[in-house]
Amino acid sequence: ALRFSMGTTGVVPFTDRYFSASYRNDIHNEYIYNYYQIGARLQGMPNEDLKPTRLSSCQMTVDIAIRGFLVRLDLFHKRTSDLLVYARLPYYEGFSHQPDNGGTLSNTGYLLSLSKSLGRTDNLQATLRFASSLYINKVKALPDYFKICRQIQSTRQARTLGKSSAADC
């Protein structure tokens, strides 16, 4: 049998506070100047442009029976884009990070399995199995934040004439 599938799905790996402003009650119960400090504070810096992570996949499966062996071969390619990352914010924003989209990954490979039933009785069954797989994961694109960090590190290393330096990324 030959099967082929192809499709795109959207994954939302975040909560609503990542793309809309949400507040939390901020009651410290600290008695200062005969008043309690009561208020609300923003839980994080929202990103209204945040998109779902997109997964595109293509898979082909072949099932063949040869001399009592069942052979299955799965070939696949998956591409994930608009990954959820936390981008750094300037300190004057009041928050250090903000959820953002960035980066692309690809996953390509195969799964091969062979199986053969060796015998069966009323209470026992013997089966011979073999499986092999290969996964190749590649980072196709980095978020802009990581590109900037690499440039900063390269610049610092060039200034220190090859001495390693810690980058604040």
Side-chain angles (χ1 to χ4, degrees), residues 1-24 43-89 95-154 156-157 162 164-169:
L2 177 66
R3 291 185 298 278
F4 183 78
S5 65
M6 191 169 147
T8 300
T9 58
V11 180
V12 183
F14 46 83
T15 64
D16 59 346
R17 71 181 172 93
Y18 287 173
F19 58 87
S20 64
S22 62
Y23 294 87
R24 177 170 73 171
Q43 286 188 309
M45 182 60 74
N47 182 352
E48 295 176 356
D49 298 326
L50 198 60
K51 298 179 280 189
T53 298
R54 187 172 54 203
L55 173 65
S56 301
S57 63
C58 180
Q59 183 171 355
M60 183 178 74
T61 304
V62 178
D63 290 327
I64 302 171
I66 302 173
R67 294 189 176 176
F69 283 92
L70 177 61
V71 180
R72 173 175 281 177
L73 176 64
D74 290 322
L75 302 171
F76 60 88
H77 177 74
K78 298 177 182 178
R79 183 174 184 269
T80 308
S81 57
D82 294 329
L83 292 165
L84 182 65
V85 296
Y86 289 95
R88 287 186 84 101
L89 291 174
F95 295 95
S96 60
H97 294 83
Q98 177 185 41
D100 199 4
N101 294 108
T104 303
L105 299 173
S106 74
N107 178 278
T108 305
Y110 74 84
L111 290 100
L112 174 66
S113 65
L114 300 156
S115 64
K116 179 173 175 100
S117 179
L118 299 176
R120 182 178 198 158
T121 64
D122 291 338
N123 296 323
L124 182 67
Q125 177 179 350
T127 305
L128 176 67
R129 294 188 187 270
F130 170 80
S132 174
S133 62
L134 173 69
Y135 294 91
I136 300 170
N137 299 311
K138 290 186 181 180
V139 176
K140 296 289 190 177
L142 288 173
D144 292 336
Y145 164 71
F146 292 111
K147 291 177 188 176
I148 292 169
C149 283
R150 286 183 130 181
Q151 290 171 354
I152 290 170
Q153 288 174 346
S154 298
R156 286 181 182 172
Q157 286 177 355
S164 63
S165 62
D168 185 27
C169 291

Minimum heavy-atom distance [X]-[Y], with the two atoms named:
X	Y	answer
Asn101	Asp49	OD1-O, 4.0 Å
His97	Tyr86	CD2-O, 3.9 Å
Leu105	Val139	CD2-CG2, 3.6 Å
Lys116	Gly68	CG-O, 3.6 Å
Leu2	Val62	CD1-CG2, 3.6 Å
Ser81	Thr104	CB-OG1, 3.9 Å

Inset, instruction - Drop me the distance from Thr53's OG1 to Leu83's CG, to the nearest 0.5 angstrom. - result: 5.5 Å

Legend entry - From Ser96 atom OG to Arg88 atom CZ, the distance as rounded to the nearest 0.5 Å: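 With rounding to 0.5 Å, OG (Ser96) is 7.0 Å from CZ (Arg88).
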
Legend entry - Close side-chain approach of Ser113 to Arg129, heavy-atom, < 4.5 Å: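 In short, these two side chains do not touch, never coming nearer than 4.5 Å.
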
Legend entry - Heavy-atom side-chain contact between Val71 and Leu112 under 4.5 Å: yes

Legend entry - Results of salt bridge (charged side-chain N to carboxylate O under 4.0 Å, His left out) for Asp63 - residues two or more places apart only: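 By the salt bridge (charged side-chain N to carboxylate O under 4.0 Å, His left out) rule, Asp63 matches Arg3, Arg72.
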
Legend entry - Residues which pass salt bridge (charged side-chain N to carboxylate O under 4.0 Å, His left out) with Asp100, listed by chain and number, not counting sequence neighbours: none

Inset, instruction - Check whether more than 12 heavy atoms from other residues, nucleotides or ligands sit under 6.0 Å from atom CD of Gln125, and answer yes or no. - result: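 Yes, because the 6.0 Å sphere around CD of Gln125 holds more than 12 heavy atoms from other groups.
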
Legend entry - Side-chain (Gln98) to main-chain (Pro46) donor-acceptor, under 3.5 angstrom: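 Looks like yes, one N/O pair under 3.5 Å.
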
Legend entry - Asn47 (side chain) donor-acceptor with Pro99 (main chain) under 3.5 angstrom: yes

Acceptor/donor pairs from residues 130-137 side chains to any protein atom, 3.5 angstrom cut, sequence neighbours excluded:
from   : atom 1 : to     : atom 2 : distance (Å)
Ser132 : OG     : Tyr110 : OH     : 3.3
Asn137 : OD1    : Asn107 : ND2    : 2.2

